[in-house]
Amino acid sequence: VQLQASGGGLVQAGASLKLSCRTSGRPAMYHALGWFRQPPGKEREFVAAISWRYRTSEYADSVKDRFAISIDNAKNTMWLQMNSLSPEDTAVYFCAADRKPGALKRSDYDYWGQGTQVTVSS
């Protein structure tokens, strides 16, 4: 299983970015696909996750109403639309996939991609 994240960059506060994560195989084959981030000097944290099978999604409180996660199953791609970015969103963003049933909002995903850096200047 391979996951490839891209789309990070340097933006100003208030701007938007759209991250993409290309998966090996259809997203529908996974129980969950998710985005996590690791701010400088901090632990990795959950951002958002989605289940293609059950048409559900979950978000961290800090990004709810600003970020949107989606899947294009035909393109083997997961997206994270990030709006109203703030310096607190600066982090390395990782995409992950999980085959295990259970909650979307957890950290023990099976597969991880490399990160993409998002830097938000004030």
Side-chain angles (χ1 to χ4, degrees):
V1 175
Q2 292 186 331
L3 303 166
Q4 186 171 4
S6 61
L10 171 63
V11 297
Q12 290 188 330
S16 298
L17 271 179
K18 190 171 186 178
L19 305 182
S20 65
C21 176
R22 187 162 179 85
T23 66
S24 59
R26 291 281 188 261
M29 67 188 287
Y30 303 105
H31 171 72
L33 290 169
W35 287 97
F36 295 76
R37 67 186 182 186
Q38 187 166 16
K42 296 184 179 180
E43 298 288 318
R44 188 168 60 194
E45 61 186 26
F46 172 84
V47 176
I50 188 169
S51 170
W52 173 261
R53 293 176 192 170
Y54 301 107
R55 302 292 194 268
T56 59
S57 60
E58 287 196 45
Y59 295 89
D61 289 342
S62 59
V63 306
K64 201 175 296 185
D65 299 326
R66 297 189 300 122
F67 290 11
I69 190 170
S70 60
I71 289 176
D72 187 329
N73 198 49
K75 295 182 179 179
N76 292 2
T77 301
M78 173 178 63
W79 308 95
L80 184 68
Q81 176 66 47
M82 306 186 295
N83 301 322
S84 302
L85 285 164
S86 72
E88 289 69 36
D89 296 313
T90 294
V92 178
Y93 284 71
F94 300 88
C95 58
D98 197 11
R99 296 184 187 273
K100 302 184 300 294
L104 299 181
K105 192 175 182 178
R106 62 186 185 194
S107 60
D108 61 336
Y109 276 51
D110 294 327
Y111 310 104
W112 294 82
Q114 91 291 358
T116 184
Q117 177 71 47
V118 172
T119 303
V120 185
S121 62
S122 57

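When a residue number appears, it is its place in the shown sequence, counting from 1. Keep in mind it's a predicted model, so treat the numbers as computed, not measured.
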Undergrad: Say whether, by atom type as modelled, one donor and one acceptor occur between the side chain of Ser86 and the main chain of Ala13 under 3.5 angstrom.
TA: no

Undergrad: Using the rule that Ile, Leu, Val, Met, Phe, Trp and Tyr join whenever any side-chain heavy atoms are under 4.5 Å apart, tell me whether Leu104 and Val63 fall into a single cluster.
TA: no

Undergrad: Side-chain heavy atoms under 4.5 angstrom apart, residues restricted to Ile, Leu, Val, Met, Phe, Trp, Tyr: same cluster for Phe46 and Tyr111?
TA: no

Undergrad: Could you check whether any side-chain N or O of Gln114 sits under 3.5 Å from a backbone N or O of Ala5, counting only pairs where one atom can act as donor and the other as acceptor?
TA: yes

Undergrad: Look at atom CD of Gln38 and say whether more than 12 heavy atoms of other residues, nucleotides or ligands are closer to it than 6.0 Å.
TA: yes

Undergrad: Is the ring pair Phe36/Tyr109 parallel, tilted or perpendicular, if the boundaries are 30 and 60 degrees?
TA: perpendicular

Undergrad: Between Arg22 (side chain only) and Lys75 (backbone N and O only), is there a donor and an acceptor less than 3.5 Å apart?
TA: yes

Undergrad: How far apart are the closest heavy atoms of Val92 and Gly115, and which atoms are they?
TA: CG1-CA, 3.6 Å

Undergrad: What distance do Ser107 atom OG and Glu45 atom CD have between them, rounded to the nearest 0.5 Å?
TA: 12.0 Å

Undergrad: Would you say the side-chain atoms of Arg53 pair up with the backbone N or O of Ala28, donor to acceptor, closer than 3.5 Å?
TA: yes

Undergrad: Here's a test for you: under side-chain contact (heavy atoms from CB on, under 4.5 Å), which of Phe94, Tyr59, Phe67 qualifies with Val47?
TA: Phe67

Undergrad: When you measure from the side chain of Tyr93 to the backbone of Gly7, do you find a donor-acceptor pair of N or O atoms at a distance under 3.5 Å?
TA: no

Undergrad: Given the rule in the side-chain hydrogen bond (donor to acceptor under 3.5 Å, both in side chains) test, do Gln117 and Thr119 qualify, once you have shown the distances and angles that lead to the verdict?
TA: CA-CA 6 Å; Gln117 177 71 47; Thr119 303; 3.3 Å; yes

Undergrad: Say you draw a straight line from NZ of Lys100 to CZ of Arg106; how long is it, rounded to the nearest 0.5 Å?
TA: 5.0 Å

Undergrad: How about Ser24 and Leu3: do any of their side-chain heavy atoms sit closer than 4.5 Å?
TA: no

Undergrad: Could you grab the distance from atom OG of Ser70 to atom CD1 of Ile50, nearest 0.5 Å is fine?
TA: 6.5 Å

Undergrad: Are Leu80 and Arg37 packed together at the side-chain level, in the sense that at least one heavy-atom pair is separated by less than 4.5 angstrom?
TA: no

Undergrad: Quick check for you: to the nearest 0.5 Å, what is the distance between Asn76 atom CG and Met29 atom CE?
TA: 9.5 Å

Undergrad: So, Thr90 side chain and Val120 main chain: donor-acceptor pair closer than 3.5 Å or not?
TA: yes

Undergrad: Any chance CG of Asp65 has more than 12 other-residue heavy atoms, nucleotides or ligands included, within less than 6.0 Å?
TA: no

Undergrad: Looking only at heavy atoms, which two atoms of Ser122 and Pro87 are closest? And how far apart?
TA: CB-CG, 3.8 Å

Undergrad: Taking all heavy atoms of Thr77 and all of Ser20, pick out the closest pair and write down the distance.
TA: CG2-CB, 4.1 Å

Undergrad: Calculate, to the nearest 0.5 Å, the distance between atoms CD and CD1 belonging to Gln81 and Ile69 respectively.
TA: 12.0 Å

Undergrad: Side-chain heavy atoms under 4.5 angstrom apart, residues restricted to Ile, Leu, Val, Met, Phe, Trp, Tyr: same cluster for Trp35 and Val1?
TA: yes

Undergrad: Using a 4.5 Å cut-off on heavy atoms from C-beta on, say whether the side chain of Met82 contacts that of Asp89.
TA: no

Undergrad: For Trp112, is the NZ or CZ atom of Arg44 found under 6.0 angstrom from the centre of its six-membered ring and inside 45 degrees of the ring axis?
TA: yes

Undergrad: For residues Trp79 and Asp72, determine if any side-chain heavy atom of one lies less than 4.5 Å from a side-chain heavy atom of the other.
TA: yes

Undergrad: Is the shortest side-chain heavy-atom distance between Glu88 and Ser62 below 4.5 Å?
TA: no

Undergrad: To the nearest 0.5 Å, what is the distance between OG1 on Thr23 and OH on Tyr30?
TA: 5.0 Å

Undergrad: Take Thr56 and Ser51, measure what side-chain hydrogen bond (donor to acceptor under 3.5 Å, both in side chains) needs, and give me the verdict at the end.
TA: CA-CA 5 Å; Thr56 59; Ser51 170; 4.5 Å; no

